[in-house]
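Each chain gets a letter, A, B and so on, in the order the sequences are listed, and its residues count up from 1. Computation of the quantities below employed the complete heavy-atom set of this structure, encompassing side-chain atoms and omitting hydrogens, waters and symmetry-equivalent molecules.
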Protein chains: 2
Amino acid sequence: MAKTTTHQKAAAVRQRGVTMSDVARHAGVSRTAVSFVLSNRENASISEETRIRINDAVQALGYRPNAGARALASQRSDWYGLVTEIVTAPFAVDIIKGAQDQAWLDHRFLLIAPSDQADAVGPNQGLEDAATEKLLEQRVEGLLYAATYHRGVHVPESAHEVPTVLINCFDADGKLPSIVPDERAGGRVAVDRLLRAGHSRIGVINLDPHIPAAIGRLEGAREALAGAGLELDPELVVSGHATADGGYEAACQILDRYPQQDRPTALFCLNDRMAMGAYDAIKERGLTIPGDIAVIGFDNQELIAAYLRPKLTTVALPFEKMGALGVQTLAALTAGQPITADQQLVDCPLLERSSV
Amino acid sequence: MAKTTTHQKAAAVRQRGVTMSDVARHAGVSRTAVSFVLSNRENASISEETRIRINDAVQALGYRPNAGARALASQRSDWYGLVTEIVTAPFAVDIIKGAQDQAWLDHRFLLIAPSDQADAVGPNQGLEDAATEKLLEQRVEGLLYAATYHRGVHVPESAHEVPTVLINCFDADGKLPSIVPDERAGGRVAVDRLLRAGHSRIGVINLDPHIPAAIGRLEGAREALAGAGLELDPELVVSGHATADGGYEAACQILDRYPQQDRPTALFCLNDRMAMGAYDAIKERGLTIPGDIAVIGFDNQELIAAYLRPKLTTVALPFEKMGALGVQTLAALTAGQPITADQQLVDCPLLERSSV
DNA sequence: TCCCTTTTTGACAACGTTGTCTTCGTTCGG
DNA sequence: CCGAACGAAGACAACGTTGTCAAAAAGGGA
């Protein structure tokens, strides 16, 4: 009696407790059969008829497998955890998109946890550790760490308990595999584009020269120039704060430093925000883009690049691809496959618009 | 003997199988005691000493509760599902941020699933249904739907099985509670700001006049003008495509239509992208901002508003707040509390910068 | 010492699956 | 009509918890 009461109460409280047994009962078969059909196993041996009966029962009852129970019993969750500060500083959201789409394709679920590792390597790992811990409690099969900008990071200790891949950042301790943009090739592509348009005197508006993005892109620029038998004039490289204002000031410096005939005819801005400022500096001086000065950016920040007038030709960071590749790499790792390289470089494609 | 072998094998295969029993054994107490301590229950009656012993054991063994098992046994997952196209079209990422932060505070986990409901009401619900279904399989306790732009949506049938809240959109069928921006108040605030700066002849660059944002903001503008004894001159309202180009064209129309003395001295652009275009139109005509023409935007798209020169004064959409409020509302619903209104309006704050 | 309270234990059933094994009918070919 | 071969059923242990309960042990006061 007491037992019955308990059951009824539970049933009343539960929103929708259709279990495999219910399906089996409704289809007039055994639980075993249902389990076989639903996870359509190899060593099947289920007649087409019962298979259909079971599927019908699933439909009729609106049965939904319980992911948690399945994970518990089968000891695999099909979940990956993604720790990222991107949600906080949504510059690289496309990483999430790429990762999520890929995970979806692989029938895996991405658990996204926030990180506040606002910047760099420092042990500001309060939230980050907690996030990792929470994800491991959910028994994720692997971890991804994604950063808003390309840099070295330290990952919490516990991340080493499961396969882990870094996206748009790399392990400062050099132990974990990572996916990063090929900044160098990107810089080369940008400057090549300018060279191809006939420019040979090219000003460069640089970022903080110590970050990987600046180092790689500048190196690429040098290579491209070298390919054309030219050298990068150090005088034409001006660093600025990575904002529109910074770009504006840097552009003013470059433009005002020389008489007209010596003035560079093109500017390579190491990010789009600075290109935005450079536009203003150029226009202010009554010069036209790309007529008098060609401008090429980097990052392909849609809101800027596609809406500047004229629209900005720029090199895109392959966020989406990196996200997808991260998940693929993780999938390989969790499947026990060895991965080839610890650092995978992803191409930065040129986006032609109208500023060159 | 056979049993021992099995255990060893299991332990070898499992990555890290520390269970509650292990903790109990290590602490020299019963499982029950451990369970009591870890979920620190009311009817406890556990001595301080054993409590400490248990916590030490947890530390020592690196025990991590298995969330899935806990969910299974306790019939509550502490998970909310968030279905959104925001990741695809990352205009309103801050909704995710707000929701996630709030969920974190409430010790709940947000499962984010992608929706491709790229636009509007239509039954393009392939992925969306699938996402909802997946989330329900994970036994989420409630669902959130978030849209990139304020509009009416249809939600999959199965969403009605658990408490559901809409963010930045509303149920076209009028059944589900929603959180939306107070567009009207926003429009009022914007125009009030212009009036306060002494402008009385105000041009309006409108969005597609049928969407909730346009309707509300325009209505608010009218109210503000009425408060100053003015009326909205229909001639001064020009609709354009919601892009920089659209804004540019609309601004040209407004600016060129009148001789200088009749020209509006301020423009209210219903979004920042159009304000960006308007800037160009104004500057092209040799006019200054805000000297000759004041400009006020809407949306506060950081990349634009904060980087335009001069920086754009605009009205912000309260994405983050809406996200947080959505989670709070959902928490109230799942806790069985009745909620007050089916549609909660959230204020759109004015962000003063330098264009007025 | 005895009773009463406070801790603590042990046992057991649930939760919804997976996975393995044995058994039991059928049906069919020979 | 016998033995395969196949399809399916049934039983059971496992997964790691929660939750409930009765009962045992430890301590304290009179």
Side-chain angles (χ1 to χ4, degrees), chain A residues 2-7 9-11 13-25 27-54 58 61 63-78 137-139, chain B residues 2-3 6-7 9-11 13-25 27-54 58 61 63-78 137-139:
Chain A
K3 199 170 180 183
T4 313
T5 314
T6 313
H7 262 110
K9 193 174 155 200
V13 167
R14 231 185 295 136
Q15 341 205 356
R16 198 141 193 264
V18 184
T19 73
M20 263 187 48
S21 308
D22 296 330
V23 174
R25 203 172 311 129
V29 301
S30 67
R31 262 190 264 100
T32 317
V34 177
S35 177
F36 271 41
V37 168
L38 288 180
S39 48
N40 54 318
R41 294 218 232 132
E42 301 298 297
N43 45 355
S45 103
I46 297 278
S47 72
E48 198 51 29
E49 196 212 322
T50 44
R51 187 182 301 276
I52 291 175
R53 274 240 300 291
I54 290 173
V58 166
L61 297 177
Y63 168 73
R64 228 184 319 259
N66 182 318
R70 172 175 287 177
L72 188 57
S74 65
Q75 294 290 76
R76 51 192 309 254
S77 61
D78 284 343
E137 282 184 10
Q138 315 292 333
R139 295 301 186 270
Chain B
K3 198 168 178 183
T6 314
H7 261 110
K9 193 176 154 199
V13 167
R14 233 183 295 136
Q15 339 204 357
R16 197 139 195 266
V18 184
T19 73
M20 263 187 49
S21 308
D22 296 331
V23 173
R25 203 171 314 128
V29 301
S30 67
R31 262 192 263 101
T32 317
V34 177
S35 176
F36 271 41
V37 168
L38 287 181
S39 47
N40 55 318
R41 296 221 229 129
E42 300 299 295
N43 46 353
S45 101
I46 298 276
S47 72
E48 198 51 28
E49 194 212 325
T50 43
R51 186 181 302 277
I52 290 174
R53 273 241 300 290
I54 290 173
V58 166
L61 296 178
Y63 168 73
R64 226 184 321 259
N66 181 318
R70 172 176 286 177
L72 190 58
S74 65
Q75 295 289 76
R76 51 192 309 257
S77 62
D78 285 342
E137 280 183 11
Q138 315 293 335
R139 296 299 187 270

A:E49 CD to C:dT26 P, straight-line distance once rounded to whole Å: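 Atom CD in A:E49 sits about 15 Å away from atom P in C:dT26.
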
Distance, rounded to the nearest Å, where A:R25 contributes CZ and D:dG10 contributes C1':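 A:R25 atom CZ is separated from D:dG10 atom C1' by 15 Å.
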
B:A73 side chain, from C-beta outward: closest of C:dT18, C:dA14, C:dT17: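 The answer is C:dA14.
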
First of B:S30 and B:L72 reached from the 5' end of DNA chain C, by closest nucleotide: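 Closest to the 5' end, via its nearest nucleotide, is B:S30.
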
Closest nucleotide among D:dA8, C:dT17, D:dG16 to the A:Q75 side chain: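 Of all the options, the side chain of A:Q75 is nearest to D:dG16.
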
Difference in axis direction between the ends of the helix from C:dT1-D:dA30 to C:dG30-D:dC1, five pairs, 10°: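 Inter-axis angle at the termini of the helix from C:dT1-D:dA30 to C:dG30-D:dC1: 50°.
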
B:T50 side-chain N/O to C:dT8 phosphate OP1/OP2 under 4.0 Å: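 For B:T50, the contact criterion (side-chain N or O under 4.0 Å from OP1 or OP2 of C:dT8) is met.
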
Flag if over 12 foreign heavy atoms under 6.0 Å of CZ, B:R31: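 Counting other residues, nucleotides and ligands, CZ of B:R31 stays at 12 neighbours or fewer.
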
Flag side-chain contact, heavy atom, 4.5 Å: A:R64 against B:R139: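 The answer is yes, as the side chains (C-beta and beyond) meet within the 4.5 Å cut-off.
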
Within-4.5 Å side-chain heavy-atom neighbours: A:S35 and A:M20: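 They are in contact (side-chain heavy atoms under 4.5 Å apart), so the answer is yes.
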
hbond_proxy A:T32 side chain to D:dG10 base (donor-acceptor, 3.5 Å cutoff):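 Between D:dG10 and A:T32, which were checked side chain against base, a qualifying N/O pair under 3.5 Å is present.
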
For A:V23 against A:I54, the heavy-atom pair lying closest together: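 Where A:V23 meets A:I54 most closely, the heavy atoms are CG1-O, 4.2 Å.
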
Closest-nucleotide ordering on DNA chain D, the 5'-leading residue of A:S47 and B:A69: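 The answer here is A:S47.
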
Nearest-Å distance for atom pair CG/C1', residues B:D22 and D:dC15: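 In whole Å, D:dC15 C1' lies 13 Å from B:D22 CG.
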
Verdict with reasoning, A:Y63 to A:L38, per side-chain contact (heavy atoms from CB on, under 4.5 Å): CA-CA 11 Å; A:Y63 168 73; A:L38 288 180; 3.4 Å; yes

Position toward the 5' end of DNA chain C (nearest nucleotide), B:S74 or B:R31: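 Result: B:R31.
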
Closest to side chain of A:R139, choosing from D:dT17, D:dA8, C:dG16: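 The listed nucleotide nearest to A:R139's side chain is D:dT17.
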
Nucleotide C:dT18, atom P - distance to CG of A:N66 in whole Å: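 Rounded to the whole Å, the gap is 10 Å.
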
Distance (rounded to the nearest 0.5 Å) between A:S47 OG and A:I52 CD1: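 So the OG of A:S47 and the CD1 of A:I52 are separated by 8.5 Å.
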
Touch class at under 4.0 angstrom, heavy-atom based, for A:S21 against every strand present: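 A:S21: no heavy atom of the nucleic acid under 4.0 Å.
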
B:R70 CZ - C:dT17 P separation (whole Å):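 About 21 Å, once rounded to whole Å.
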
Euclidean distance, atom CZ of residue B:R76 to atom C1' of C:dA14 [Å, nearest integer]: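 Distance, rounded to whole Å: 17 Å.
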
Integer-rounded Å distance: D:dC6 P and A:E48 CD: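 It is 17 Å, rounded to the nearest whole Å.
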
Point-to-point distance, once rounded to the nearest 0.5 Å, from OG of A:S77 to CD of B:Q138: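 Reported to 0.5 Å precision, the distance equals 9.0 Å.
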
Length of the line joining A:R53:CZ and D:dA8:P, which is rounded to integer Å: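 My rounded result for the distance is 8 Å.
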
